[in-house]
Amino acid sequence: MKKLLFKMQNKCIIDVNNSINSGQVFLWKKNNSNWYGVNGQDILKITDSGKIKSYKNIRTDFFRKKDNIEEIIKSISKDPITKNAVKQYPGLRIFEQDPFQCLISFIVSSNSNIQKIKSSLEKLSRKFGIKTEFDNQEFFLFPKPENLAKASINEIKSCGTGYRANFIKDAANRVMLKKINLENLKEYSYQETKKEICQISGVGNKVADCIMLFSLNKLESFPLDRWMIRILEKYYSDKFQLETKTITEKQYEILHEKIVEHFGPFAGYAQQFLFKMERENYQKKWL
DNA sequence: CCAAGGCCTGAATG
DNA sequence: ACATTCAGGCCTT
């Protein structure tokens, strides 16, 4: 009985390093064994003992305590590949981050890589975000929608975003004008939410799935980027046949349906474990 | 509905 | 050095 309890407690421990270094967040840095991260208009600090603190005491379920992680892990462990990935990274978790920051982050991410995404987001924050001091360190909060909406395209481009500058401004404008209400979308279904956010230019299937999984509480989202396609081809060629060479919108939809059929309603967690596993296999760099 | 080509940028490759 | 390729896609034709 004692042993079982210990095991259960052990399973609940969050592996902060691996969770931050799994492609879901970008504005985090480690300092003196503490992690500090920009989350919208707040700064979060995760101590070496795994406790999380909000600089502004804004309520957030960043660690997704609402999830029954043991149930989820049981649910997604449908095949030897996933079981192995889960076993390799037992404390890997999906965070629930600020939706607007997440939206802009993944617009910036398209056709890019982690280092460049991080660099662009840091520059955007430095240029358009509020300077803040916390634990004797300087931070810049993530830009508010209105500040990106009123910025010029060239100002945004100066942050290294390239052609995505138009998308960023457009997205910020939509949020500012409440043409889209990200908080409300948390209560919407997967399909409804996807339809809404895909209206933003620069947001396609993959980017939408990232935004929904990492900030809008849609755990059936399963972002299909180059890596995940490669993983499916490598380990799941028997289960998920790719009909076309390029992943068209229709193909993406069909594939997602098959994926949810296989992994279940928490498929997004499976994606996170598989992505982490394969990127580590190839020793890809994180933050 | 699918295929092909273009797009900012910067690090990696030859 | 300098040119080319490539990277967590998306949009237009």
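It should be emphasised that the depicted structure is a prediction, and the values quoted were computed from it without experimental measurement. To find a chain, count down the sequence lines: A is the first, B the second, and so on, and within it residues start at 1.
- Close placement of the A:Tyr190 and A:His256 rings is indicated, their centers lying within 6.0 Å of each other.
- Taking the O4'-C1'-N9-C4 or O4'-C1'-N1-C2 dihedral as appropriate, B:dG5 has a value more than 90° from 0 and is therefore anti.
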Sub-3.5 Å pairs of nitrogen or oxygen atoms, protein against nucleotides 1-6 of chain B:
unit_1	atom_1	unit_2	atom_2	d
B:dC2	OP2	A:Thr248	OG1	3.0

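- Contact detail for A:Gly91 and A:Ser19: the closest heavy-atom pair is O-OG, 3.4 Å.
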In a table with atom names and distances, give each donor-acceptor pair under 3.5 Å that connects a side chain of residues 196-207 of chain A to protein atoms at least two apart or in another chain.
unit_1	atom_1	unit_2	atom_2	d
A:Ser201	OG	A:Asp170	OD2	3.1
A:Asn205	OD1	A:Lys194	NZ	3.1

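- Here the separation of B:dC8 from C:dT13, taken at their P atoms, is 15 Å to the nearest Å.
- Take A:Asp238 and apply the side-chain hydrogen bond (donor to acceptor under 3.5 Å, both in side chains) test, not counting sequence neighbours, and it matches no residue.
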Ignoring hydrogens and angles, write down the donor-acceptor pairs under 3.5 Å from the side chains of residues 263-278 of chain A, residues two or more places apart or on other chains.
unit_1	atom_1	unit_2	atom_2	d
A:Tyr269	OH	A:Asp67	OD2	2.8
A:Gln272	NE2	A:Ser22	O	3.1
A:Gln272	NE2	A:Ser22	OG	2.9
A:Lys276	NZ	A:Asn18	OD1	3.2
A:Lys276	NZ	A:Asn21	O	2.7
A:Lys276	NZ	A:Glu280	OE2	2.7
A:Glu278	OE1	A:Tyr235	OH	2.7
A:Glu278	OE1	A:Asn281	ND2	2.9
A:Glu278	OE2	A:Lys234	NZ	2.8

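- Between A:Glu122 and A:Lys29 there is no salt bridge, since none of the side-chain N atoms of the basic residue sits less than 4.0 Å from a carboxylate O of the acidic one.
- Side-chain contact between A:Val175 and A:Ile180 is present, with heavy atoms from C-beta onward closer than 4.5 Å.
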Pairing string, 5' to 3', for DNA chain B - Watson-Crick or wobble contacts under 3.5 Å, brackets [ ] where pairs cross, | to another strand: ..|||||.||||||

Evaluation steps, side-chain hydrogen bond (donor to acceptor under 3.5 Å, both in side chains), between A:Asn57 and A:Ser54: CA-CA 5 Å; A:Asn57 290 317; A:Ser54 153; 5.0 Å; no

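- Atoms CD1 (A:Ile117) and C1' (B:dC8) sit 14 Å apart, rounded to a whole Å.
- Residues passing the side-chain contact (heavy atoms from CB on, under 4.5 Å) test with A:Gln251 are A:Glu243, A:Thr244, A:Ile247, A:Thr248, A:Ile254, sequence neighbours excluded.
- Through side-chain heavy atoms spaced under 4.5 Å, either directly or across other Ile, Leu, Val, Met, Phe, Trp or Tyr residues, A:Leu177 is tied to A:Met176.
- Near DNA chain B, meaning a heavy atom under 4.0 Å from it, residues 210-231 of chain A has no residue at all.
- Sorted by first and then second residue, the salt bridge (Lys or Arg N to Asp or Glu O under 4.0 Å) pairs involving residues 143-153 of chain A (not counting sequence neighbours) form an empty list.
- Partner of A:Phe95 under the ring-ring contact (aromatic ring centres under 6.0 Å, His included) criterion, chosen from A:Phe26, A:Phe62, A:Phe214: A:Phe62.
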Every protein N/O within reach of nucleotides 9-14 of chain B N/O, cut-off under 3.5 Å:
unit_1	atom_1	unit_2	atom_2	d
B:dT9	O2	A:Lys116	NZ	2.8

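- Nucleotides B:dG5 and C:dG8 place their P atoms 22 Å apart, quoted to the nearest Å.
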Residues A:Val38, A:Ile43; criterion side chain to side chain contact (heavy atoms under 4.5 Å, CB included); working and verdict: CA-CA 5 Å; A:Val38 177; A:Ile43 308 288; 4.1 Å; yes

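- Note: CD1 (A:Ile104) to P (C:dG8) measures 21 Å, nearest angstrom.
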Measure all distances between protein nitrogen or oxygen atoms and nitrogen or oxygen atoms of nucleotides 10-13 of chain C, and list the pairs falling under 3.5 Å.
unit_1	atom_1	unit_2	atom_2	d
C:dC10	OP1	A:Gly204	N	2.9
C:dC10	OP1	A:Gly204	O	3.3
C:dC10	OP1	A:Val207	N	3.0
C:dC11	OP1	A:Gly202	N	3.0

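- Here CG of A:Asn32 is found 9.5 Å from CG of A:Asp135. Values are rounded to the nearest 0.5 Å.
- Applying the side chain to side chain donor-acceptor pair (under 3.5 Å) test to residues at least two apart or on different chains, the pairs with a partner in residues 211-228 of chain A are A:Arg64-A:Asn217.
- Look at NZ on A:Lys284: it is 8 Å from C1' on C:dA7, rounded to the nearest Å.
- We find that CD1 of A:Ile153 is positioned 11 Å from P of B:dC8, with the value rounded to whole Å.
- At a threshold of 4.5 Å between non-hydrogen side-chain atoms, the residues A:Leu232 and A:Ile259 count as touching.
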